[in-house]
Amino acid sequence: MAQVSAVAMVFGASVACACGGDATGGAGPAAIDPISALPVRADVPLVVAGESAHGPRVHVAWVGARGALARREGARLVYPSAFGEGFDLEREVRADGVEDWVRLPRAPERRELRLRVSTEGFAGLRLVAGTLELLDDHGTPRVRMSPPWARDRAGKVHTVGVDVEG
């Protein structure tokens, strides 16, 4: 089995980032300052909002993430040792959403990473070919999580399975 050195997940489609509350780095749409809309701690959920300010929002939280404070590195926020010593979470706002990476410098004790995703305000969800979609009342996907992947030390990309519970 290949040694995994990085995992990435993309939350995409036509969504914007928005965060609120005291535990975040700021509030407002991604068009103003995308990086300031990200949580300043790794254990605070990322809030992804659609085009309407009053529409449903998705709260995405890494299960087991520590309260590591983010530091800005260019267009990314890095949460050092968010999953244990040397296991960093990196987050970047992109035109199509937010991309997360977890750096794994060695094999982790548990061979899984878990996300908690709220579905409040959505009519349902579906998992198709590794892509998780949150659907509106008409069955239209409003938020997507692209299939996760892992890159080993040699640079080879591997697919990563996705399961939905609850």
Side-chain angles (χ1 to χ4, degrees), residues 7-70 76-79 81-84 87-104 108 110-150 159-166:
V7 175
M9 296 187 182
V10 179
F11 300 92
S14 58
V15 298
C17 266
C19 294
D22 295 333
T24 65
I32 295 171
D33 180 7
I35 222 163
S36 72
L38 297 175
V40 296
R41 289 186 6 209
D43 61 344
V44 173
L46 169 69
V47 180
V48 179
E51 296 154 355
S52 166
H54 303 290
R57 296 175 185 268
V58 179
H59 296 253
V60 180
W62 285 98
V63 176
R66 299 175 177 179
L69 291 175
R76 293 185 181 169
L77 287 184
V78 176
Y79 304 84
S81 298
F83 295 99
F87 292 83
D88 299 344
L89 170 63
E90 296 184 21
R91 186 166 270 158
E92 180 177 354
V93 176
R94 301 168 9 145
D96 61 346
V98 176
E99 186 166 14
D100 283 1
W101 294 273
V102 177
R103 300 276 176 207
L104 306 172
R110 294 185 59 132
R111 307 287 279 177
E112 67 181 9
L113 291 169
R114 299 173 67 87
L115 288 168
R116 181 171 293 118
V117 179
S118 71
T119 57
E120 187 176 337
F122 290 90
L125 58 85
R126 68 178 165 220
L127 180 62
V128 180
T131 298
L132 180 65
E133 299 176 327
L134 280 77
L135 311 172
D136 67 13
D137 292 334
H138 303 289
T140 303
R142 294 297 174 193
V143 177
R144 283 190 180 96
M145 181 188 85
S146 298
W149 52 269
T159 58
V160 176
V162 177
D163 293 319
V164 176
E165 298 174 2

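Computed from a predicted model, the values in this text were never measured in an experiment.
- Put simply, the side chain of V60 does not reach to within 4.5 Å of the side chain of P45, judged on heavy atoms.
- Contact annotation: the side chain of L46 approaches that of P39 to within less than 4.5 Å [non-hydrogen atoms, C-beta and beyond].
- R142 CZ to F122 CZ: the interatomic distance, rounded to the nearest 0.5 Å, is 9.5 Å.
- With sequence neighbours excluded, the residues forming a salt bridge (charged side-chain N to carboxylate O under 4.0 Å, His left out) with E92 are R76, listed by chain and number.
- The shortest distance between side-chain heavy atoms of W62 and L115 falls below 4.5 Å.
- Under the side chain to side chain donor-acceptor pair (under 3.5 Å) criterion, D43 pairs with R41, sequence neighbours left out.
- Contact annotation: the side chain of P141 never approaches that of L134 to less than 4.5 Å [non-hydrogen atoms, C-beta and beyond].
- Atom CZ of residue R144 and atom CG of residue L125 lie 13.5 Å apart, to the nearest 0.5 angstrom.
- Across all their heavy atoms, A65 and A42 have their closest contact at CB-O, 3.5 Å.
- When side chains are defined from C-beta on, Y79 does not count as touching D100, because their heavy atoms never get closer than 4.5 Å.
- The two residues P147 and A129 make their nearest non-hydrogen contact at CG-O, 3.7 Å.
- Here the CZ-CG distance, from F87 to L104, works out to 6.0 Å after rounding to the nearest 0.5 Å.
- W101 contributes atom CH2, which lies 13.0 Å from atom CG of D88 (distance to the nearest 0.5 angstrom).
- Residues V117 and M145 are not in side-chain contact: their nearest non-hydrogen atoms beyond the backbone lie 4.5 Å or more apart.
- Between V162 and P148 there is a side-chain heavy-atom pair separated by less than 4.5 Å.
- Residue pairs meeting the side-chain hydrogen bond (donor to acceptor under 3.5 Å, both in side chains) criterion with at least one member in residues 114-123, sequence neighbours excluded: R114-E165.
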